[in-house]
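For reference, the structure is listed below as structure tokens.
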Amino acid sequence: MRVNLRGFDIRKLYLDEARQRAVLDDIRAVARAAPFFRPDTPMGRPMSVRMTAAGRYGWFSDRKGYRYVDRHPGGGDWPPIPDSLLAIWRDLVGDDRLPDCCLVNHYGEGAKMGLHQDRDEADFSWPVVSVSLGDDGLFRMGNPTRGGKTESVWLASGDVVVMGGEARLAFHGIDRIRGGSSRLLPKGGRLNLTLRVVD
Ligand code: SIN
Ligand code: MN
């Protein structure tokens, strides 16, 4: 099923269970090479999500602010973006340009992500592609400026969202996780993978 809400192109169950497992195995390998960490917000508070990344860039934040960085905080390179994820990008966006970053966010029960825009990339003509695995997450979609009405949708395991066009600079976030809604991750929780062209 495919739904378009405010330009957010939502593909329900884009990945069947076998493909979800294949992506999950690849993300586990990424996390072995580049372990999850919990960044501080610029306000100095620990974020509720744990993060890692693959590709030429990962995402980081601390007192100095949010930014892309070319190394894991432990000092090593980020591992390459797994083919299983590049295949999703090729399928939905094409192969004129491949993403430079696959940001991996892990939400335990109680984790959330406040409304924000993805605007630290050089070229907004490329979409951000988001892949959800594990427990359902309540995804809130807003407007290109802060405020105004929002709409929410539960993203389930295997759902993919393409944020392009009018949705590319729209505010979005995750309000809550529905614990126990998926059995994909043995310890529960939700993984969200976002593919981005950075520079
Ligand atoms: C993000 O905006 O980076 C993550 C969104 C999500 O977890 O679905
Ligand atoms: Mn985002």
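Order of appearance sets the numbers: ligands from 1, and atoms from 1 within every ligand.
Listed by chain and number, N105, Y107, M113, H116, H172, I174, R190, N192, R196 each place a non-hydrogen atom less than 4.0 angstrom from ligand 1.
For residues 66-88, every residue pair satisfying the salt bridge (charged side-chain N to carboxylate O under 4.0 Å, His left out) rule, not counting sequence neighbours, is listed here: D62-R67, R71-D77.
For K12, the salt bridge (Lys or Arg N to Asp or Glu O under 4.0 Å) criterion is met by D159, not counting sequence neighbours.
In the model, S61 has no side-chain atom that pairs as donor or acceptor with a side-chain atom of D40 under 3.5 Å. Inspection of the D199 and Y68 side chains reveals no N or O donor paired with an N or O acceptor under 3.5 Å.
Cation-pi check for R190 over Y107 is met; the charged atom lies under 6.0 angstrom from the ring centroid and within 45 degrees of its normal.
Taking the N/O/S atoms of D118 in turn, the shortest distance to the Mn ion (ligand 2) belongs to OD1. Nearest N/O/S atom of H172 with respect to the Mn ion (ligand 2) is recorded as NE2.
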Under 3.5 Å, which donor-acceptor pairs link side chains of residues 136-147 to any protein atom two or more places apart or in another chain?
{"residue": "D136", "atom": "OD2", "partner": "R178", "partner atom": "NE", "Å": "3.2"}
{"residue": "D136", "atom": "OD2", "partner": "R178", "partner atom": "NH2", "Å": "2.9"}
{"residue": "R140", "atom": "NE", "partner": "D175", "partner atom": "OD2", "Å": "3.0"}
{"residue": "R140", "atom": "NH1", "partner": "T150", "partner atom": "OG1", "Å": "2.8"}
{"residue": "R140", "atom": "NH2", "partner": "D175", "partner atom": "OD2", "Å": "2.9"}
{"residue": "N143", "atom": "OD1", "partner": "R6", "partner atom": "NH1", "Å": "3.0"}
{"residue": "N143", "atom": "ND2", "partner": "G147", "partner atom": "O", "Å": "2.8"}
{"residue": "N143", "atom": "ND2", "partner": "K149", "partner atom": "O", "Å": "3.0"}

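Hydrophobic clustering, with ILVMFWY side chains joined whenever heavy atoms are under 4.5 angstrom apart, keeps V160 apart from I174.
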